[in-house]
Each structure stands twice: as C-alpha cells, then as structure tokens.
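Below is one structure, written out as structure tokens, with a few remarks after it.
Owing to the predicted nature of the structure, the values given are computational and were not obtained by experimental measurement. All values below were derived from every heavy atom in this structure, side-chain atoms included, with hydrogens, water molecules and symmetry-related copies excluded.
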Amino acid sequence: MTYKTAGYGLILVLAANVAGAETLTFAPAEGSERSYRVEISVRSVEPDSQTVPLDPERVSFLARIRAAERDGDNVDLTLSPLWLKTRLGSQTMTTAAPLPDRVRQGFEAGFGARLDLATGRLGEVRPLGETEGPAPMLGGLREQFAAAFPPVPIELAEGWSTTIPEYGGVRDVTITVDHLTADRVFLRYEGEDFIARLAGLVVVDRDEGWVERAAITTDRRLVPGTDENGSLRETLAIAPRGYPVTVHADNSMRPAEWRDMPERIEPPAPLASEAEVFPGAPGRLVEDFGGLRLEFDHRAAQWRNIGRFALSDLRLFAGDRALDVPLTAEPPLTLPNWRDPEGVPQISRSLLDATTLRDVSQDLEAATELRADLDWYPVAPFVMSLVPDETGHAEASRDGARAELAPAPEGYVLTLSGAERDVFSWALPEGSGAQGMIFAGDRGPDWLTPGESLARRIASPDYSAIRVLLRMEAPPEELTVRVDRYAEAPAASREMRFLTEEGRRLDPDTAPERQPLFRDGPPPAPDEVAPEGLESGALRLPLAPAQAAHCTASLVPPATEGAETLVFVRRKAEDADVLELQTGDGQRRHFYGLGSREVTLSCDATLAWTGAGVQPSPDRPWRIDPAALDIADGMTVAELTEQLRFVDAQGVPLALSAPGGGVLSPDASIREAMFPDGTLRVAGTPAKILRAELTPEPLSRSFAVRFPDLPVPEAAAQ
C-alpha cells in the first residue's frame, strides 16, 4: 500500500506545456525540475456492519522530479524521494528513522522512466541504483505514471473539454479547462465507470507544463458495479515544496455527517497587542504522532483576534551544538487552550517533520531546542449580516468578501469567498437548531465527503471559498458572517526558542516544573504536633528529622504487651521522622484495649526555620549557588533539606529539580543534583530560602489518648 500510494503522489506532477499558441503539452527543458509536498489519505467505506474496515492510511512525502535528458520526442524523468512518512492506524514509519538498508538505498537512488512526448506513453519504471525494487512497487509506479499523465494536448480555452479512455484506473475521464490565467491553467477531472469514479482539480504551470497543484479523489468499489459492499477511497493533494498554505488530503477521514451549527461568533474586538501575542518564555517542542509539535502561548483574550503566524529558518540544537536535521513545519494554528483557560487562554501549535532520508533518530533524541523565526500577521476582522427575503435569498459583500444564502435541496446553502487567506465563521440565531456540512467552494460531485471536498481548495482558483450546506426548515431571520483578514506583511518578527522536556529542564532561564518537597505538607512544628494512627491502634508523633533527633516520648502509665514493655522508637517515614509506640523487640506496632493514657513529648531543643543569609536571585530565583549557601557536594539531598528549605510565595517548601528528570532520591548526593552550569535548581519559583535553627529551649507537651478496643470479628466482618 505504501509504495503504491507514494508512487501515485509522485506521478501527478506532469501535465502539458505550450507547444503552440493555443495548445498545452508537456515539453520540459533538459534539467528542469520541481519539488513537491504530497499528502495522501486512504480509507475504506463500509455501507454495512458486515464489512471489516481497513485501518486508515496517511502518506506524507517530499519528492523532486527532474527532466534528466531529452532525445527528440523522448524525455527521461527521474523521481527522487526526499522524505516519506506513512501512518497506518496507530503505526508510523518515516525515512528519518531506522530503515532496512535496501529500502534506504533504493530511495536515495530514486527511480526513472522514459516518456514519449508525442504519444504520452510512459516506459517501464526502473530503479536508478543497484537495489532491485519489488515488482508490485515498480508496477504500481508504472501504472500511476501512465494514468496520471494526460494523453492528449490541452487547448487553452475556458470550457474546452475532452474525454480520455482511462485515467487513474477509471475509464472515460473528462478533462475540462475551468479557468485560465497568464501563467496557469485550472483543469477539472471527472469520470465514473462500473469499477471506480474519480474527481479532481489540477493546476498546470504554463511556463514548462509542470503540474503545480492538484487534488484528486478516487473511489474504487470493492464489488464492481455496486456500492453495497463498500469501496476504497483515496485522496491526494499536491503543492510545491514550501507552499505557504497547509496541504492536506482527506483531513477528517470521516463520512459525511451533519453537525450543529454555531449560534455565536467571536466579536471583532479587542485585537491582540504585540505584547499579548509573543510569549515572554520559550515555547515547547514535543513528540506528536511520529513527528514533532511546537507550541507557544498567548495572553490575548480571544484566539480569533490574535492573527496568523509563519515559521521559517528552523534549526535544531543539542545544547549549543547545531544538528544537521532538515525540518518542515505547517503554518501554526491558533486555538483556545482548553486545558488551562485560566492560566494561558490561547495557544498556537504547528506540526513538524524531519524531512530526510537519513536516520536522524539519535539527533532528535539528543535535541534540546528548536530555534525559528516567527512572523506575526495581525488580523483585521469585520462582520457582514445577511437578512433573507421571503424566498430565502440574501447577499452581502464588503472589502472584496462576499456571502450569499440561497435555498438548496438540503435546506439552504451559504457560499462564502474573499481574499486568498480570508477565514470565515458564522452564526445563526439562538435556538435555530441548524445543522450543516462544510465543503470547498468548488464542491465537486455529490459523492465527495466534506473532507475530500475541502482538499480541493489547494487546486482551486479561489482558495478561500467554502460552501456550507444548512439543514433547517425555514431561513433564519438573520445570519452573521465574520471575515478574518490578515495583514499582507508581518507587523513583527521574533527569533523563538522551543524547548524539549530536557531542554526546559536544563535551560537556566526556564523555571522548572513545580514540585512540592512534601506530598501532604511539611512535618509539624513541635508545638503543633498531634498523635496519629489511634484509629488502627497505632500511636505516632511526626516531627522534622532535625527536631526528632532532640525529642523523646513516653506513655503514662507505662504499658506492656506480654513480657515486652511498650516504648517509643524513632523511625523514618515518607515526609518526616516519627516517634512510634512499639514493643521493645519491635515486633508489634498496633495495640488495643489499653484504654485511656497520657503521652508526654519532651524535647531538649526547639527547631525553627528562619531566613537564610542568601536569598533567591530576583531574575532566576530557581538557580541556587551551592557555595553561597555552604552546601558541600558530598551531602545527600536529605541532609540538605533538613538544613535548608526553598519556599514559594504560598509558603510551600519546594523539592530540588533532577538534572536527568524524574525525582531525586533522598540518598542522592548533591553532586548528582548539580546541573551542568554548577548550580542546583529548585523545582518551582522560590520566594525565600529558610535555614533550620536549633535553640537550646526545652519543650514538653502532654496528650490524652485512648486506645480502641479489640475489634469483634463479627463486627469487623460487617
């Protein structure tokens, strides 16, 4: 499947070139080449529950196609894959990860085929290297080349059409010239037979005849002549490498379904300021579906009023070492941050891929940050209102944007168009209960799903145009449309840093993730301690380790268990030391039927936490200089936290951050907790540093306690 679909994308880069004043045929100059970004989606359509669905497949790749040599009416074409990623179900394969040597060598060498320009016949596809390609792969490439290349010249006249015997495995496909510009021809492909049907848009560059952009969907029936047993749907989208608009095939991979339509739109004010748009801290770089995802935060009130972004000059680093990893990024998408709307209301995300045939998995694992240039294009939104007449028609236009509402078989259709990058949103009156489906402005045939139709926008003369089918019994009293129009030039640019988890942990300018030192709060001071565990027949007094070392406890009157006297023994617990009542041999810790007793706690010194002589730095308070606080690198973490506490603005003691991630063991040495720059890092943002001080002030406290009676078995069973 992967080889066939990859070949399908590579092939659709050829069409026709100008041979005469009114005709377009393919005749590239020797050495002419194009590089493309290709997206393919493959999924099964199951009309009944008896059909087992196939896992959906997505293929993404970059390819360079070159007219290597001309020999009269023949041209040798070379196909060089530059990168490929396939996602089949939950599994992802990419050429940037480990691959069998024969596969990588075959990709690096590429493939070739001879094209007869006079007849449109493509010869056998052959590997250009020493590695032999599997017959199914080469056969698939051959078929896809032959099917994708128009066998007839294209006359340069709008409305001209011709029917070719076969294209993409579909018989009798009609090619129509939809639109002409000075440098491009916009073509429509449509065909259907008893085996399959096809619909596509193709944009041809009139300079040399290369296909510039294309979007083609093919539906192959599992049982010829009937849709009863389902079909296999494949959508391909192609655009030049680095095209500034996101290239996607069937992005939803879902069947056509009606969805509730919005009843409100974001108001066009207030617009975001530059300070709200650009984060003060680095962004994040995380793994995502076999690739990478970068994200950064915004403090703006409304996500639609932020604007759009463009990324360029992406560079990956491991510390200060630059990594030779080519990257490509989708245009960032800004959305509300549903995970943390109070802290960071809006967030922008972009998917990245390492686009190479080399195994760069070790580089990606070592990476600590991505640096990139981020351009910000502010948005200038405006609103149009449509008030339908008695026939259900309404129109509105403003600044080159147009909205039209009209009756349709489903109910009504809302058609929107504008400048190339305009983005539309709309709202119907509250309680209207309208449902809708969104298609491209050039919807294509009715059998296309919304996702398949929207893929066609990449090859449409009007990229912004969409068509919204509305299912409702009567036209709305009013329909509001918001148009988001972006500045043509960036208003501001920044070099941004996006840190990996390790990069954030090692970065001295980034506050480590907050981690309290104690799970349930610090041990109580001696004047606040209270007995614990009596409900289960135990008796414990929790104290800070430095305090517990100066305290003893006794039971009055004394008690015994058999021949053993009950005594208090000091032992370590999770967040404290405890003085715990035990038998003298340490075998028992739970006692019943002792009735009422008195516990006395006696300490010959009192522990207090006072401000240390050195306090956190105002600019990077999480960085701690061990020498300034007399912290010896041979100490353990437990010994340090018994002497020093780093507390945040809420008074919560914070743990130390681990250079390697995770949690530092109390037995770890300070040397193990040291970061490469020689500092310790507090896990959070400390406001104060406190030091333990023992004063020779004795303390004595008494507690009245009552031990429970021995449980009755019958009662315990209840």
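- Checking side-chain atoms of Thr500 against main-chain N and O of Thr368 turns up a donor-acceptor pair under 3.5 Å.
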### Query
side chain to side chain contact (heavy atoms under 4.5 Å, CB included) between Val325 and Leu364: does it pass, once the steps are laid out?
CA-CA 8 Å; Val325 179; Leu364 295 179; 4.2 Å; yes

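- Heavy-atom minimum distance, Pro244 versus Pro331: O-CG, 3.5 Å.
- Residues Glu452 and Arg233 are in side-chain contact: their nearest non-hydrogen atoms beyond the backbone lie under 4.5 Å apart.
- With hydrogens and angles ignored, the 3.5 Å screen pairs a side-chain donor or acceptor of Thr95 with a backbone N or O of Leu84.
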### Query
salt bridge (charged side-chain N to carboxylate O under 4.0 Å, His left out) between Arg304 and Glu266: does it pass, once the steps are laid out?
CA-CA 7 Å; Arg304 282 196 178 275; Glu266 297 287 352; over 6 Å; no

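- The cationic atom of Arg371 (NZ for Lys, CZ for Arg) lies less than 6.0 Å from the six-membered ring centre of Phe317 and within 45° of the ring axis.
- Put simply, the side chain of Ser41 gets close to the backbone of Asp250: a donor and an acceptor are under 3.5 Å apart.
- Electrostatic pairing of Glu330 and Arg293 does not count as a salt bridge here, judged by no charged N lying under 4.0 Å from a carboxylate O.
- A salt bridge links Arg456 with Asp442: the distance from a Lys NZ or Arg NE/NH1/NH2 to an Asp or Glu carboxylate oxygen falls below 4.0 Å.
- How far CD of Glu501 is from CD of Glu513: 8.0 Å, rounded to the nearest 0.5 Å.
- A cation-pi contact links Arg494 to Phe278, judged by a cut-off of 6.0 Å to the six-membered ring centre and 45° from its axis.
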### Message
side chain to side chain contact (heavy atoms under 4.5 Å, CB included) for Leu187 and Leu201? Distances and angles first, verdict last.
### Response
CA-CA 6 Å; Leu187 302 176; Leu201 300 178; over 6 Å; no

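- A donor atom on one side chain and an acceptor atom on the other are found under 3.5 Å apart for Trp210 and Ser32.
- Salt-bridge check for Asp484 with Arg482: passed, with a basic side-chain N closer than 4.0 Å to an acidic carboxylate O.
- A salt bridge links Asp677 with Arg681: the closest approach of a Lys/Arg side-chain nitrogen to an acidic carboxylate oxygen falls below 4.0 angstrom.
- Taking 4.5 Å as the limit, some side-chain heavy atom of Arg58 sits within range of a side-chain heavy atom of Asn251.
- Interatomic distance, Ser657 OG to Leu680 CG, rounded to the nearest 0.5 Å: 10.0 Å.
- Taking 4.5 Å as the limit, some side-chain heavy atom of Arg220 sits within range of a side-chain heavy atom of Glu234.
- The backbone N or O of Ala301 sits less than 3.5 Å from a side-chain atom of Gln346, completing a donor-acceptor pair.
- Two residues are said to be in side-chain contact when any heavy atoms from C-beta on lie closer than 4.5 Å; Asp324 and Arg358 meet this criterion.
- Heavy-atom minimum distance, Ser493 versus Asp375: OG-OD1, 2.5 Å.
- Residues Ala455 and Ala249 come closest through the heavy atom pair CB-O, 3.3 Å.
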### Message
Pair Phe296, Phe309 - check ring-ring contact (aromatic ring centres under 6.0 Å, His included), show working.
### Response
CA-CA 11 Å; Phe296 51 103; Phe309 299 92; 5.3 Å; yes

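- Ion pairing between Glu57 and Arg43 fails under the 4.0 Å rule for side-chain N and carboxylate O.
- The distance from atom CZ of Arg37 to atom CG of Leu62, rounded to the nearest 0.5 Å, is 6.0 Å.
- Under the 4.0 Å criterion applied to side-chain N and carboxylate O atoms, Asp288 and Arg349 are not assigned as salt-bridge partners.
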### Task
May I have the step-by-step check of side chain to side chain contact (heavy atoms under 4.5 Å, CB included) for Leu499 and Thr510, ending in yes or no?
CA-CA 9 Å; Leu499 303 179; Thr510 300; 3.5 Å; yes

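- More than 12 heavy-atom neighbours from other residues, nucleotides or ligands sit within 6.0 angstrom of CD on Glu257.
- Here the shortest heavy-atom pairing between Ile40 and Phe61 reads CD1-CE2, 3.9 Å.
- Side-chain N or O atoms of Ser453 include one that pairs as donor or acceptor with a backbone N or O of Ala440 at under 3.5 Å.
- In the model, Asp462 has a side-chain atom that pairs as donor or acceptor with a side-chain atom of Ser464 under 3.5 Å.
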### Task
For Met261 and Trp426, run side chain to side chain contact (heavy atoms under 4.5 Å, CB included): C-alpha distance rounded to whole Å, both residues' side-chain angles, the deciding distance at 0.1 Å, then the answer.
CA-CA 8 Å; Met261 289 288 96; Trp426 54 90; 3.4 Å; yes

### Task
Dump the intermediate steps for salt bridge (charged side-chain N to carboxylate O under 4.0 Å, His left out) on Asp313 and Arg315, then the final yes or no.
CA-CA 6 Å; Asp313 195 18; Arg315 295 150 288 147; 3.4 Å; yes

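- In Glu495, the CD atom is crowded: over 12 heavy atoms of neighbouring residues, nucleotides or ligands sit closer than 6.0 Å.
- Judged purely by distance below 3.5 Å, without hydrogens or angles, the side chains of Trp83 and Thr94 pair a donor atom with an acceptor atom.
- The shortest distance between side-chain heavy atoms of Ser361 and Pro98 falls below 4.5 Å.
- A cation-pi arrangement, defined by a distance under 6.0 Å to the six-membered ring centre and an angle within 45 degrees of its axis, is absent between Arg104 and Phe107.
- Note that Arg421 lies outside the cation-pi zone of Tyr486, set by a 6.0 Å cut-off to the ring centre and a 45° limit from the axis.
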### Worked check of salt bridge (charged side-chain N to carboxylate O under 4.0 Å, His left out) between Asp183 and Arg206
CA-CA 5 Å; Asp183 51 6; Arg206 291 174 62 170; over 6 Å; no

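- Pairing each heavy atom of Ser350 with each of Leu311, the nearest pair is OG-CD1, 3.8 Å.
- Side-chain contact check for Ile238 versus Val247: every heavy-atom pair is 4.5 Å or farther apart.
- Here the straight-line distance linking atom CZ of Phe424 with atom CD1 of Ile265 works out to 12.5 Å at 0.5 Å rounding.
- Salt-bridge check for Lys85 with Asp353: passed, with a basic side-chain N closer than 4.0 Å to an acidic carboxylate O.
- Contact detail for Pro676 and Leu506: the closest heavy-atom pair is CD-CD2, 4.1 Å.
- A 4.5 Å side-chain heavy-atom check between Ile458 and Tyr243 finds at least one atom pair inside the cut-off.
- To the nearest 0.5 Å, atoms CG (Leu454) and CZ (Phe439) are separated by 8.0 Å.
- Geometrically, Arg457 engages Tyr463 in a cation-pi contact defined by less than 6.0 Å to the ring centre and at most 45° from the axis.
- In this structure a side-chain-to-backbone donor-acceptor pair under 3.5 Å is missing from Gln105 to Arg102.
- In this structure, OG on Ser348 lies 6.0 Å from CD1 on Ile306, to the nearest 0.5 angstrom.
- Classification of Arg184 and Asp205 as a salt-bridged pair fails, no side-chain N sitting under 4.0 Å from a carboxylate O.
- Side-chain atoms of Leu285 and Leu292, non-hydrogen and from C-beta on, do get closer than 4.5 Å to each other.
- With salt bridges taken as basic N to acidic carboxylate O contacts below 4.0 Å, one links Arg497 and Glu369.
- Within the 3.5 Å criterion, the main-chain N or O of Ala419 finds a donor-acceptor partner in the side chain of Asp422.
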